[in-house]
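Reviewing the structure listed below.
Letters A, B, ... mirror the listed sequences (proteins, then strands); counts begin at 1. Just the heavy atoms: all of them, side chains too, but no hydrogens, waters or symmetry mates, feed the values below.
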2 protein chains.
Amino acid sequence: MPQSRPRIIPEATVARLAVYLRVLAGLADGGRSHVSSGELASAAGVNPAGLRKDLSYLGPCGVRGVGYSVSGLRDRLTDALGGERSRPCVLIGIGRLGSALADYAGFASRGFEFVGLLDTDPATVGHRVGGLQVRPVQELEAVVAETHATIGVITTPAEVAQSVCDRLVSVGVRSILNFAPVALTVPAGVDVRKVDLSVELQVLAFLDQQRDGTPPLLAPLRPAQGVAR
Amino acid sequence: MPQSRPRIIPEATVARLAVYLRVLAGLADGGRSHVSSGELASAAGVNPAGLRKDLSYLGPCGVRGVGYSVSGLRDRLTDALGGERSRPCVLIGIGRLGSALADYAGFASRGFEFVGLLDTDPATVGHRVGGLQVRPVQELEAVVAETHATIGVITTPAEVAQSVCDRLVSVGVRSILNFAPVALTVPAGVDVRKVDLSVELQVLAFLDQQRDGTPPLLAPLRPAQGVAR
DNA sequence: GCGACTTTGTTCAGGCGTTCACAAGCGGTT
DNA sequence: AACCGCTTGTGAACGCCTGAACAAAGTCGC
């Protein structure tokens, strides 16, 4: 029964596959030829059984009693995640964060290349950032058309993020990474991932407060304490 | 029955509460006094029923038939997420990303203040970034002690992230936001949140490929195709 | 003052993701 | 050639979160 891969891969698994791939790259550099699921899982910070389940979505790719071939697994993961072909990206909003992303080495090494940087501020337009010249945002459609960019990264202020998003979608960009603190509305068939930095900090603050504050709540020493009202 | 709040709030809910809080701030600036769950949910990009469930963890805070008081709900959310008190943070690794975070306005407006910037590079140490002078990473323990920082943000290269993390934990920091592409190991009682930018892009790339590639996979036209082997 | 409409708060079912535990399979050894 | 230990792959249970339907409750209009 040669059913190739009828299963669908959960998005949470996909995210972890990317992590495994990075760990494998490190192991390959270290000259390792084989890894066990336990070692790989510990390096990636996940449960070994979960890791095996994640990998099983790609079909059997290990050898029982031995483990996984580092190079073999790396190739298979690379393939599953979209191959090695370079993915052209456009970045809109060249502020501090945008500039940092524009020449973040971690992207280029994984096949993501910025082919267009756009901003509204005349003081920013024309500057070189990460080997690329910033162009006025009016040229967004032209840049996407001439570079065939497939991914758009939005690091604009929140107020203009939706309009930038709409323009990206209108010229065929179907993958958007949004750093602006707003919920973008997109038609079906377009994927948006949101990274919200202050939310991350706020969750940490909550957990911190909970650590200090919930012991009294979970195990109230004095029920009749001054919890007025 | 004056049971205060026996329930525990799921982490996913906490993250959304932070989003609601930001939306409410915008509504308050716009002069709105009341909102319905539907409107708030649409602005936050979530389901109305889910929003009401999220808010119900804080106890009843709306008025049936009317909606939620913007200022009242904002105060209650602010309180639930840790109050308005300023949270001192230290940032280790003042590269491009670190610099961008150091003077990201979105943090300060939510009560997160960087009180220490640290780096190893002598060329970076001493520079002013976001109104603060970068200090050598050797002084990490001293900086945490004198500023009483409770949150550590790591934007170093992956290789040194774990050692920086260990040092933060050793001086009492129990909340860590990690941008380095490694899984940090911490003792129980310490919370780590990880932001992995290239994973986000890789997930987008996968979804993009899946959109184009899976139709043949999900609905195989020819089961007996050349799936040799 | 009463009724009807609106909106919240809650309860219920469904799906998804994670975890544990076991059987299958391969290499090395005797 | 057969056995033993090790590791993968998978099946099932558990728990969490999400999405929808219903009841309570308050307000506005008459």
Side-chain angles (χ1 to χ4, degrees), chain A residues 1 3-20 24 27 32-70 72-74 76-77 80 183 194 203 207, chain B residues 1 3-20 24 27 32-70 72-73 76-77 80 183 199 203 206-207:
Chain A
M1 47 296 269
Q3 53 177 17
S4 55
R5 286 170 225 162
R7 325 179 203 183
I8 202 165
I9 305 185
E11 203 163 307
T13 291
V14 174
R16 284 190 297 265
L17 292 181
V19 175
Y20 306 153
L24 284 170
L27 289 172
R32 293 287 302 275
S33 67
H34 286 272
V35 224
S36 69
S37 66
E39 189 178 356
L40 199 52
S42 131
V46 301
N47 187 295
L51 179 138
R52 291 199 297 272
K53 192 177 251 307
D54 285 340
L55 294 182
S56 75
Y57 286 105
L58 310 177
C61 45
V63 180
R64 301 180 187 224
V66 176
Y68 300 91
S69 154
V70 171
L73 187 55
R74 190 194 42 186
R76 186 172 276 216
L77 282 178
K194 182 181 170 188
V203 172
L207 295 174
Chain B
M1 47 297 272
Q3 54 178 18
S4 53
R5 288 170 224 162
R7 325 178 202 184
I8 201 167
I9 305 184
E11 203 163 307
T13 291
V14 174
R16 283 190 296 266
L17 292 182
V19 175
Y20 306 154
L24 284 169
L27 290 173
R32 294 285 303 274
S33 67
H34 286 273
V35 224
S36 68
S37 65
E39 188 179 358
L40 199 52
S42 133
V46 301
N47 187 295
L51 180 139
R52 292 199 297 273
K53 189 183 240 327
D54 285 340
L55 294 181
S56 76
Y57 285 106
L58 310 176
C61 43
V63 180
R64 300 181 189 224
V66 176
Y68 299 92
S69 153
V70 171
L73 187 54
R76 185 171 274 216
L77 283 178
V199 163
V203 171
F206 170 83
L207 294 174

For this session: Measure the distance from CD on A:E39 to C1' on D:dC6 and round it to the nearest whole Å.
Result: 15 Å
For this session: Please tell me which of A:G50 and A:R64 maps to the more 5' nucleotide of DNA chain C, matching each residue to the nucleotide holding its nearest heavy atom.
Result: A:G50
Seminar exercise, completed: Rounded to whole Å, the CG-C1' distance (A:L73 to D:dT7) equals 14 Å
Exercise. In terms of the nearest nucleotide of DNA chain C, which residue is placed more toward the 5' end: A:A49 or A:G65?
Worked result: A:A49
For this session: Please report, rounded to the nearest Å, how far the P atom of D:dT8 is from the CZ atom of A:R76.
Result: 15 Å
For this session: Check the pair A:Y68, A:R74 against side-chain contact (heavy atoms from CB on, under 4.5 Å), reporting the backbone distance first and the verdict last.
Result: CA-CA 10 Å; A:Y68 300 91; A:R74 190 194 42 186; over 6 Å; no
Exercise. From D:dG9, C:dT19, D:dT7, pick the nucleotide closest to the side chain of A:S36?
Worked result: D:dT7
Exercise. Atom CG of A:L51 to atom C1' of C:dC20: distance rounded to whole Å?
Worked result: 16 Å
Problem set entry | Closest to the A:A12 side chain, choosing from C:dT18, C:dT19, D:dT8 | C:dT18
Exercise. If you check the A:Y68 side chain, which of D:dT8, C:dC26, C:dT8 turns out closest?
Worked result: D:dT8
For this session: Give the nucleotide from the list D:dT7, C:dT10, D:dG9 with an atom nearest to the side chain of A:R52.
Result: D:dG9
Problem set entry | Nearest-neighbour nucleotide for the B:K53 side chain, C:dG9, C:dT11, C:dT18 considered | C:dT11
Exercise. Are B:S56 and C:dG9 close enough that a side-chain N or O sits under 4.0 Å from OP1 or OP2?
Worked result: no
For this session: Report the distance from atom CD1 of B:I9 to atom C1' of D:dC17, rounded to the nearest whole Å.
Result: 15 Å
For this session: Determine, step by step, whether B:V46 and B:V19 satisfy the side-chain contact (heavy atoms from CB on, under 4.5 Å) criterion, reporting the C-alpha distance in whole Å, the side-chain angles of both residues, the deciding distance to 0.1 Å, and the verdict.
Result: CA-CA 10 Å; B:V46 301; B:V19 175; over 6 Å; no
Seminar exercise, completed: When rounded to whole Å, the CG to P distance for the pair B:D54 and C:dT11 reads 16 Å
Problem set entry | A:L40 CG to D:dT8 C1', straight-line distance once rounded to whole Å | 13 Å
Problem set entry | Backbone N/O of B:L58 and side chain of B:R76: donor-acceptor pair under 3.5 Å | yes
For this session: Could you check if a side-chain atom of A:V35 sits within less than 4.5 angstrom of a side-chain atom of A:L24, using non-hydrogen atoms only?
Result: yes
For this session: Take atom OH of B:Y57 and atom C1' of C:dT11, then tell me their distance rounded to the nearest Å.
Result: 13 Å
Problem set entry | Value rounded to 0.5 Å, distance of CG in A:L17 from CG in A:L55 | 6.5 Å
